[in-house]
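Take a look at the structure below.
Bear in mind the structure is a predicted one, so any value in this text is a computation, not a measurement.
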Amino acid sequence: MMKYKKVMRLDWRLNAGNLMLASRLIFGIGVFGFLFMSCGGKEEKLPIFGQREVAGTDTVYHTIAPFAFVDQDSLWVTNNTFKDNIYVADFFFTTCRTICPIMKRQMLRVYEATAEMPDVKILSHTIDPEYDTVALLHDFAERLGVESKRWHFVTGVKDSIYKIAQTSYFATAMEDKTEPDGFIHSGAFLLIDKKQRIRGKYDGTKEEDVNRLIIDIKKLRREGEN
C-alpha cells in the first residue's frame with residue numbers, strides 16, 4: 001500500500017511537472033508570436049519593376065512615360081487622370097478572337113473586386129486604333145456594363161500606343177500579319193502604383209494570377225497607408 005502511494009505521488013509530480021513545462025512552452029510561443037508580429041512580422045512590400053538610378057541619396061525608379069489618349073467618352077486620359085490612384089493596365093483590341101475575351105472576363109473580376117476602392121482604376125489600350133474608334137469603345141464598355149470613371153478604354157496614335165506598351169509597361173503590342181487577327185500582344189495585366197511605378201505583372205488569362213493581382217492591389221493600398 002505504501003509503495004502504491006509513493007508511486008501515485010511520483011506520478012502526480014511527473015504530471016504536474018509536465019503541465020508546468022507545457023504551460024511554459026505555450027507562454028513562450030505566445031511571447032514569440034507577439035514579438036514576431038510587433039517587430040519582425042511586417043508585410044513585405046511589392047517589388048518595383050524596371051531600371052533604377054541613384055541620384056545622391058535618392059533612388060529614381062522607372063515610371064510610366066507621359067501619355068495622352070482618348071477614352072470611350074471622348075475625354076482625354078493622361079498620367080494626371082491617375083494622380084493619387086493605383087491602376088491596372090492592359091492592351092487588347094475589340095475584334096481579338098484569341099486571348100482578349102478571356103482577359104476581359106478576368107479584368108471584370110478585378111473591376112468587381114475593387115468596386116469599393118475609389119483609388120483603384122483600370123486602363124485598357126486598344127492596339128488597333130484604326131478600327132477601334134471612340135464610338136466602338138463606348139459600345140464595348142456599355143456591353144461590359146462598366147463605368148468610364150473607373151475603367152478607361154483608350155485609343156490614340158498607333159505608334160504611341162505601341163511605344164508606351166514596350167518601353168513603359170514592358171508589354172508586347174504590335175502588328176503581325178502572320179497572326180490570325182493581324183496583331184500580337186501579351187496577356188499581361190500591369191499593376192501601377194500612385195507614383196506611376198510598375199509593382200506587379202500578371203497573366204490576365206490565368207485565374208490564379210488574377211487572384212494574386214487582387215490580393216496585391218489590397219497590399220499596395222495598405223502600403224500607401226503606412
Smallest heavy-atom separation, K104 atom then S124 atom, equals NZ-OG, 3.8 Å
When you measure from the side chain of Y111 to the backbone of E147, do you find a donor-acceptor pair of N or O atoms at a distance under 3.5 Å? yes
Non-hydrogen side-chain atoms of Q72 and E142 separated by less than 4.5 Å: no
Common cluster, F82/I86, ILVMFWY with side-chain heavy-atom separation under 4.5 Å: no
Would the number of heavy atoms belonging to other residues, nucleotides or ligands and lying under 6.0 Å from CD of E112 be above 12? yes
Flag the pair D73 and K149 as a salt bridge only when some basic side-chain nitrogen lies within less than 4.0 angstrom of an acidic carboxylate oxygen. no
Using only atom types and a distance under 3.5 Å, with no angle test, would you say the side chain of R199 pairs donor to acceptor with the backbone of L46? yes
Output yes when a side-chain donor or acceptor of D71 lies under 3.5 Å from a complementary backbone atom of S148, and no otherwise. no
Nearest heavy-atom pair of I64 and S168: which atoms, and what distance? CD1-O, 3.7 Å
Please test F183 against C96 for side-chain contact (heavy atoms from CB on, under 4.5 Å), starting from the C-alpha separation and ending with a verdict. CA-CA 9 Å; F183 297 90; C96 172; over 6 Å; no
Centre-to-centre under 6.0 Å for H185 and F91, is that the case here? no
For the ring pair H62 and Y169, is the centre-to-centre distance below 6.0 Å? no
If I take atom CG from residue L190 and atom CD1 from residue I192, how far apart are they, to the nearest 0.5 angstrom? 5.0 Å
V77 backbone acceptor or donor facing T81 side chain under 3.5 Å: no
To the nearest 0.5 Å, how far apart are CZ in R109 and CZ in R105? 11.5 Å
Search all heavy atoms of T59 against all heavy atoms of R52 and return the closest pair with its distance. CG2-CB, 4.0 Å
Same cluster (ILVMFWY, side-chain, under 4.5 Å), L123 and M103: no
Once you round to the nearest 0.5 Å, how far does CD1 of I99 lie from CD of Q106? 12.0 Å
Sub-4.5 Å side-chain heavy-atom contact between F69 and T78: no
Rounded to the nearest 0.5 Å, how far does CG of D209 lie from NZ of K201? 11.5 Å
Just wondering, do V110 and I217 contact through their side chains at under 4.5 Å, heavy atoms? yes
Looking at every non-hydrogen atom in both residues, tell me the closest pair between S74 and V134 and how far apart they are. OG-CG1, 3.3 Å
Looking at side-chain heavy atoms only, is the closest gap between W151 and K121 below 4.5 Å? no
Report yes or no: do V120 and L191 belong to one cluster of Ile/Leu/Val/Met/Phe/Trp/Tyr joined by side chain heavy-atom distances under 4.5 Å? yes
From the list R222, K219, R221, K218, salt bridge (Lys or Arg N to Asp or Glu O under 4.0 Å) partner of E43 resolves to R222
Please tell me if the side chains of I161 and V154 come closer than 4.5 Å, counting only heavy atoms from C-beta onward. no
Check: F140 ring centre within less than 6.0 Å of F153 ring centre: yes
Before accepting this row, confirm whether a basic side-chain N of the pair K194/D84 lies closer than 4.0 Å to the acidic partner's carboxylate O. no
Indicate yes or no for a side-chain donor-acceptor contact from N85 to the backbone of K83 under 3.5 Å, with no hydrogens or angles considered. yes
So CD1 of I102 and CG of D203: to nearest 0.5 Å the spacing works out to 9.5 Å
Please check if atom CD in E208 has more than 12 non-hydrogen atoms from other residues, nucleotides or ligands closer than 6.0 Å. yes
Is there a continuous path of hydrophobic side-chain contacts, each under 4.5 Å between heavy atoms, that joins V70 to L75? no
Output for pair (L220 CG, D119 CG), nearest 0.5 Å, gives 9.0 Å
Do T155 and D132 have a side chain donor and acceptor closer than 3.5 Å? no
Check: I122 main-chain N/O paired with H152 side-chain donor or acceptor under 3.5 Å: no
For residues L137 and Y162: do they belong to one hydrophobic cluster (side chain heavy atoms under 4.5 Å, members Ile, Leu, Val, Met, Phe, Trp, Tyr)? no
Looking at A68 and W76, what are the two nearest heavy atoms and their distance? O-CZ3, 3.7 Å
Measure from NZ or CZ of R197 to the centre of the six-membered ring of Y61 and say whether it is under 6.0 Å with the direction within 45° of the ring axis. yes
Check against side-chain contact (heavy atoms from CB on, under 4.5 Å), V210 and T205: CA-CA 8 Å; V210 176; T205 67; over 6 Å; no
Using the ring centroid of each side chain, check whether F189 and Y202 are separated by less than 6.0 Å. no
Centre-to-centre under 6.0 Å for Y131 and F93, is that the case here? no
Heavy atoms only: give me the nearest P101-R97 pair and the separation to one decimal. CD-C, 4.4 Å
T114 side chain vs M117 backbone, donor-acceptor pair below 3.5 Å: no
Using only atom types and a distance under 3.5 Å, with no angle test, would you say the side chain of Q166 pairs donor to acceptor with the backbone of A173? yes
